[in-house]
Visitor: 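Below: one structure in structure tokens.
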Amino acid sequence: MSDPSNKPVTEVEDIKARSAHLRGTLAESLADPVTGSIAPDDTQISKFHGIYQQDDRETRVERTKQKLEPDYSFMIRARVPAGICTPAQWLALQQIAADHSNGELRLTTRQAVQLHGVLKGDLRTTMRRINDALLDTFAACGDVNRNVGCTPLAENAEVHRRASRWAARISEHLTPRTRAYHEIWLAGSPLPGNEPEHEPIYGATYLPRKFKIALAIPPLNDVDVFAQDLGFIAVERFGKLIGFNVAVGGGMGMSHGEPATYPRLADVIGFCSPAASVAVAEAVVKIQRDFGDRTDRKHARLKYTIDDRGLDWFVDELGRRGVHLRAAVPVDFEQTGDRFGWSEDSDGLWHATLYVPGGRVVDNEKTRLQTGLSAIARILKGEFRITPNQNLIISRIEDTQKEEIQRLITEHGLDLWRDAAPVRRNALACVALPTCGLAMAEAERYLPQFIGKVEELLARHGLSEQDLLVRITGCPNGCARPYLADVGLVGKAPGRYNLMLGGGAVGARLNQGYRENLSEERIVDELDRLLADFVGNRDSGEPFSDYLHRAGILESQPHG
Ligand code: SRM
Ligand code: SF4
């Protein structure tokens, strides 16, 4: 266990401490007409407000040569608890994107929505308009609890309704209390009243690092519940939600060449009633607030606090804070990923899960997602649900609207799921270049090309209908949860990836590093060889990753 006691806290801790509850000098930064950027300290504080300063990495060098400042713009992330938004909110988001960003909504792997390319001068208007749509961006990023996810679709509508309400309550309960957001973005000036501000859950320096919660409704583990700092796994009996298994300490991020950083699966530590979930979440967050490592941001997630001190310590600490869990209830997951196409729930309402390539809501030669979804939103009596895999569900469609919605889906080419092979529609990539400042390689823009290669390989080996989960990220931070995939490509340098193999089909087994720093050609060669081996030697119905473990190609961990 590292001893953080005599190390100084990180610079970000100091910035938070002197930010006066997340104000910093954001107001001054916004008013500065000389630059398209904000002050360096404010780039940390703005994250808590859901805003990341970025610049176009493709024009960086050229602009420096021309002695111009980088082409700054901002990414804004709107929180959408449980991924649920109304048609009116959807329409508002699309219009805001058209008016103030690069025009596209980007659905994220945590069921939220991002706008890219917002200029500094447009930030305040954009934030106000998002707020007018009854959504907000506060705590979508930063060292606080982020958007709370929830399986967006369950056969049992009542269980989904209750679980998603608990997700919204947990989200609300863990939202910071400072009035900074309101002052800076909405009122535009300090609010009257000078009583000292108090963050009852977070304190003045918030958490040591980001914190993530999601609720899974078995048999689906579409939220990848074991990748969360805190996961709630719904338990039903006789069609009713009776509580949640509680899992703690998951996380994906790591750094190349730093073995002290690693992805980790959450451990199930017990069971709580639905009503206790908010108190459990508060207690877990407070333990991390008090014991998380504030001296090293690469060692500051809950997973390291738990590994350093032990799971028994963690459960005891929960007990000291009045949280006593019962024994976990056995539950089974059947799959990760989304179930595409039409499904009916126990209320007799219909849901259409659409495949949204790269999570980008765009009009192009293949699909008119922007226009089609606007047309649907104008008539839909139900709601939209963003999935944890960057897709979208048109939800709660009444019988009387089903035909019309189907007509609009067909008319606008929104039924991409029909023609896409399973390997394509289940694949996931993070944003990466050109906007992500941390990307070392392409991901979202490269995914279609790489999947084309994998499709060719699968066809050659007679495996076209094989479920093979491919995930690509532009760096090891893990935004598309690549360490849970059958085949994970983790960016190392332009055109180079570490090849990870052997994740489990239900998101409960991490994959393993297989080869490092490979070009596309080498990756395709490796997969070709392994697939040939698989076809020749697999047991009937055996998944690819299970085979790699059984055959000793990977370290043995047979079930996932
Ligand atoms: Fe992420 C940082 C995008 C989900 C782990 N992530 C970033 C930033 C903000 C880059 C930055 O810090 O400058 C990326 C912005 C790119 C851009 O231009 O939009 C970014 N992360 C995303 C999104 C948009 C990926 C996507 O393609 O959908 C996801 C937004 C989720 C949301 O709505 O809140 C996204 N990020 C994730 C996930 C998956 C999840 O949460 O289920 C992870 C892995 C789980 C985890 O947190 O352990 C993830 N992102 C990271 C990390 C590594 C954290 C760590 O513990 O080391 C970073 C870097 C950091 O925090 O320093 C990061
Ligand atoms: Fe950026 Fe890395 Fe996250 Fe991809 S995984 S969005 S490259 S931080």
Side-chain angles (χ1 to χ4, degrees), residues 1-29 38-53 77 79 136-148 170-185 190-191 194-213 228-230 248-249 251 253 261 281-309 314 317-318 320-321:
M1 173 174 146
S2 66
D3 174 16
S5 53
N6 48 15
K7 288 205 279 176
V9 296
T10 62
E11 197 195 342
V12 179
E13 290 301 316
D14 290 333
I15 295 173
K16 287 186 278 185
R18 57 173 188 263
S19 75
H21 287 107
L22 307 183
R23 287 171 179 78
T25 54
L26 267 172
E28 290 84 340
S29 274
I38 57 178
D41 283 7
D42 291 332
T43 61
Q44 294 300 329
I45 296 304
S46 71
K47 294 181 188 175
F48 290 78
H49 298 255
I51 296 173
Y52 276 81
Q53 178 173 300
R77 189 180 288 162
R79 252 183 333 155
D136 75 55
T137 68
F138 197 27
C141 321
D143 297 344
V144 281
N145 176 57
R146 307 279 185 97
N147 196 43
V148 179
I170 293 168
S171 169
E172 174 59 30
H173 187 73
L174 296 178
T175 303
R177 297 285 177 261
T178 171
R179 289 165 298 166
Y181 187 83
H182 197 93
E183 266 180 31
I184 295 168
W185 306 111
L191 295 169
N194 53 6
E195 73 277 12
E197 272 190 325
H198 177 53
E199 288 283 10
I201 295 176
Y202 293 111
T205 48
Y206 298 83
L207 295 180
R209 204 66 165 84
K210 55 176 68 166
F211 191 91
K212 298 181 172 180
I213 301 178
Q228 311 292 324
D229 292 279
L230 172 58
V248 293
T261 66
E282 179 178 330
V284 173
V285 163
K286 283 178 165 171
I287 295 177
Q288 173 59 0
R289 175 197 67 191
D290 296 343
F291 294 97
D293 185 352
R294 291 181 189 263
T295 69
D296 178 359
R297 288 184 68 78
K298 289 192 173 177
H299 186 256
R301 295 291 295 270
L302 180 64
K303 60 185 175 182
Y304 301 119
T305 313
I306 290 177
D307 277 350
D308 287 349
R309 293 170 182 269
F314 187 83
E317 188 58 36
L318 272 179
R320 281 190 280 280
R321 292 166 193 249

Visitor: Just to verify, what does Ser19 make a side-chain hydrogen bond (donor to acceptor under 3.5 Å, both in side chains) with, not counting sequence neighbours?
Guide: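 Testing Ser19 for side-chain hydrogen bond (donor to acceptor under 3.5 Å, both in side chains), a comparison that skips the adjacent residues, returns none.
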Visitor: Go through the structure and list residues passing side-chain hydrogen bond (donor to acceptor under 3.5 Å, both in side chains) with Lys303, not counting sequence neighbours.
Guide: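 For Lys303 there are no side-chain hydrogen bond (donor to acceptor under 3.5 Å, both in side chains) partners, ignoring immediate neighbours.
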Visitor: Considering residues at least two apart in sequence or located in another chain, which fulfil the side-chain hydrogen bond (donor to acceptor under 3.5 Å, both in side chains) criterion with Glu282?
Guide: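 For Glu282 the side-chain hydrogen bond (donor to acceptor under 3.5 Å, both in side chains) partners, ignoring immediate neighbours, are His173, Lys286.
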Visitor: Can you list everything that forms a salt bridge (Lys or Arg N to Asp or Glu O under 4.0 Å) with Arg77? Sequence neighbours excluded, please.
Guide: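 Not a single residue meets the salt bridge (Lys or Arg N to Asp or Glu O under 4.0 Å) criterion with Arg77.
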Visitor: Where is the tightest heavy-atom contact between Ala281 and Leu174, given as atom of each residue plus distance?
Guide: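 Residues Ala281 and Leu174, closest heavy atoms: CB-CD1, 4.2 Å.
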Visitor: Please find the pair of heavy atoms, one from Cys141 and one from Gly50, that lie closest to each other, and give the distance.
Guide: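 Where Cys141 meets Gly50 most closely, the heavy atoms are SG-CA, 3.8 Å.
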Visitor: Under 3.5 Å, side chain of Asp229 to main-chain N/O of Lys212, donor-acceptor pair present?
Guide: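 Flag set: sc Asp229 to bb Lys212 pair under 3.5 Å.
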Visitor: Is there a donor-acceptor contact under 3.5 Å from the side chain of Tyr304 to the main chain of Gly292?
Guide: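 Not at all, since once roles are kept as given, no pair shorter than 3.5 Å links the two residues.
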Visitor: Report the residues that fulfil side-chain contact (heavy atoms from CB on, under 4.5 Å) with Asp290, sequence neighbours left out, ordered by chain and then residue number.
Guide: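 So Asp290 forms a side-chain contact (heavy atoms from CB on, under 4.5 Å) with Arg321.
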Visitor: For Gln288, which residues count as a side-chain contact (heavy atoms from CB on, under 4.5 Å) partner, sequence neighbours excluded?
Guide: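 By the side-chain contact (heavy atoms from CB on, under 4.5 Å) rule, Gln288 matches Pro208, Phe211, Leu302, Thr305.
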Visitor: Among all residues two or more places apart in sequence or in another chain, which pass the salt bridge (Lys or Arg N to Asp or Glu O under 4.0 Å) test with Arg79?
Guide: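 Residues passing salt bridge (Lys or Arg N to Asp or Glu O under 4.0 Å) with Arg79: Asp136.
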Visitor: Crowded around Glu28 CD? As in, over 12 foreign heavy atoms under 6.0 Å?
Guide: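 For Glu28, atom CD is crowded (more than 12 foreign heavy atoms under 6.0 Å).
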Visitor: If every non-hydrogen atom of His198 is compared with every non-hydrogen atom of Pro200, which pair is closest and at what distance?
Guide: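 Taking every non-hydrogen atom into account, O-CD, 3.2 Å.
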Visitor: Testing the basics here: between Thr295 and Asp293, what is the closest heavy-atom pair and its distance to 0.1 Å?
Guide: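 Answer, listing the atom of Thr295 first, then Asp293: OG1-OD1, 2.6 Å.
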Visitor: To the nearest 0.5 Å, what is the distance between CG (Leu22) and CD (Gln44)?
Guide: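 It comes to 12.0 Å.
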Visitor: At what distance, to the nearest 0.5 angstrom, does OG1 of Thr43 lie from CD1 of Ile51?
Guide: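 If I round to the nearest 0.5 Å, the distance is 12.0 Å.
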Visitor: Closest heavy-atom contact between Val248 and Ile306?
Guide: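 The pair with the smallest heavy-atom distance is CG2-CD1, 3.6 Å.
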Visitor: If we ignore hydrogens and angles and just use 3.5 Å, is the side chain of Thr178 paired with the main-chain N or O of His21 as donor and acceptor?
Guide: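 Such a contact is found between Thr178 side chain and His21 backbone.
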Visitor: Check salt bridge (Lys or Arg N to Asp or Glu O under 4.0 Å) between Arg297 and all other residues, then give those that pass, not counting sequence neighbours.
Guide: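 Residues passing salt bridge (Lys or Arg N to Asp or Glu O under 4.0 Å) with Arg297: Asp143.
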Visitor: Are Lys298 and Arg209 close enough that some pair of their side-chain heavy atoms sits under 4.5 Å apart?
Guide: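 Answer no - side chains too far apart.
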Visitor: So, taking the atom named OH in Tyr202 and the one named OG1 in Thr175, what distance separates them when rounded to the nearest 0.5 Å?
Guide: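 These two atoms lie 7.0 Å from each other.
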Visitor: Looking at Ile15, Leu26, Val12, which one forms a side-chain contact (heavy atoms from CB on, under 4.5 Å) with Asp41?
Guide: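 Per the side-chain contact (heavy atoms from CB on, under 4.5 Å) rule, the option paired with Asp41 is Ile15, out of Ile15, Leu26, Val12.
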Visitor: Who pairs with Glu199 by side-chain hydrogen bond (donor to acceptor under 3.5 Å, both in side chains), at least two apart in sequence or on another chain?
Guide: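 Partners of Glu199 by the side-chain hydrogen bond (donor to acceptor under 3.5 Å, both in side chains) criterion, ordered by chain and then number, come out as Tyr206.
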Visitor: Which heavy-atom pair separates Gly24 from Ile45 by the least distance, and what is that distance?
Guide: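 Minimum heavy-atom contact is N-CG2, 4.4 Å.
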Visitor: Is there a donor-acceptor pair under 3.5 Å between the side chain of Arg294 and the backbone N or O of Arg289?
Guide: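 The answer is yes, because a donor-acceptor pair under 3.5 Å joins these two groups.
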Visitor: Just jot down the side-chain contact (heavy atoms from CB on, under 4.5 Å) partners of Ser29, sequence neighbours excluded, or say none.
Guide: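 Here the qualifying residues are Thr25, Ile38, Ala39, Asp42.
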Visitor: Among all residues two or more places apart in sequence or in another chain, which pass the side-chain contact (heavy atoms from CB on, under 4.5 Å) test with Thr137?
Guide: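 side-chain contact (heavy atoms from CB on, under 4.5 Å) check on Thr137 returns Ile76, Ala78, Met127, Ile130, Tyr181.
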